[in-house]
Amino acid sequence: MDKRATLSDILAQFPRYSSRQTDTLRDYWQLVSQTRKHRNISPSIVAKHMNQWEQYPAEIVLEAIAIHLARHRDKREEYTTGIIRRLAQERERGGGTHKGGNTSGNHRENPEQTIPNRPTSRYAHLVQDS
């Protein structure tokens, strides 16, 4: 990684995102940089996390970023990675209940009972048109 690389240079290395999505990513990384003491984030940190996120579908990454931007503006990028993992797990389970404590109010007597017409994520409404 070139130490003189800019955020735009790094984002250009990920062609799976449209220009509009790249703008959202730029906004996200600018917000995350504000969590640093010197209000600056290293390009190598950005590249590292963007590379980690490549293992997840782009729509999950963008949904997690939308959640972070809307509700967790004071958190660092590791928090977004946790959101991405949780969203991926929810999608694998079909958007059902969370592992551990059930805070969604979907308590069921019969664990085989399904919830009709559930969106893939409870945060799906936060994702804007891609």
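- Side-chain atoms of Trp29 and Met50, non-hydrogen and from C-beta on, do get closer than 4.5 Å to each other.
- Within the 3.5 Å criterion, the main-chain N or O of Thr6 finds a donor-acceptor partner in the side chain of Asp9.
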### Query
Is there a side-chain contact (heavy atoms from CB on, under 4.5 Å) between Thr24 and Leu69 once you walk through the steps?
CA-CA 9 Å; Thr24 301; Leu69 288 170; 4.2 Å; yes
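- Applying the salt bridge (charged side-chain N to carboxylate O under 4.0 Å, His left out) test to Glu54 and every residue at least two apart in sequence or in another chain returns Arg16.
- The ring of Trp53 has its center closer than 6.0 angstrom to the ring center of Tyr28.
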### Verdict with supporting geometry, Val61 and Leu87, side-chain contact (heavy atoms from CB on, under 4.5 Å)
CA-CA 9 Å; Val61 172; Leu87 290 173; over 6 Å; no
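- For the atom pair OH (Tyr79) and CZ (Arg73), the distance works out to 14.5 Å, reported to the nearest 0.5 Å.
- For Arg36, the salt bridge (charged side-chain N to carboxylate O under 4.0 Å, His left out) test picks out Glu77, with sequence neighbours left out.
- Taking both residues in full, the closest heavy atoms of Ala5 and Pro43 are given as O-CG, 3.3 Å, listed atom of the first, atom of the second, then distance.
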### Message
Would Ile65 and Leu25 count as a side-chain contact (heavy atoms from CB on, under 4.5 Å) here? Give the steps.
### Response
CA-CA 8 Å; Ile65 287 172; Leu25 288 164; 3.1 Å; yes
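- A salt bridge does not link Arg85 to Glu90: none of the charged side-chain nitrogens sits closer than 4.0 Å to a carboxylate oxygen.
- Ile84 and Ala64 get closest at one heavy-atom pair: CG1-CB, 3.3 Å.
- Without hydrogens or angle criteria, Gln30 side chain to Asp27 main chain gives no donor-acceptor distance under 3.5 Å.
- Among residues two or more places apart in sequence or in another chain, the salt bridge (charged side-chain N to carboxylate O under 4.0 Å, His left out) test is passed with Asp23 by Arg26.
- Side-chain contact check for Phe14 versus Gln21: every heavy-atom pair is 4.5 Å or farther apart.
- Distance check: Tyr56 OH to Leu62 CG gives 15.0 Å after rounding to the nearest 0.5 Å.
- Side-chain contact check for Thr81 versus His49: some heavy-atom pair is nearer than 4.5 Å.
- Rounding to the nearest 0.5 angstrom, the gap separating the NE2 atom in His68 from the CZ atom in Arg76 is 10.5 Å.
- For the atom pair Ile83 CD1 and Ile60 CD1, the distance stands at 12.5 Å (nearest 0.5 Å).
- Distance check: Leu11 CG to Ser19 OG gives 12.0 Å after rounding to the nearest 0.5 Å.
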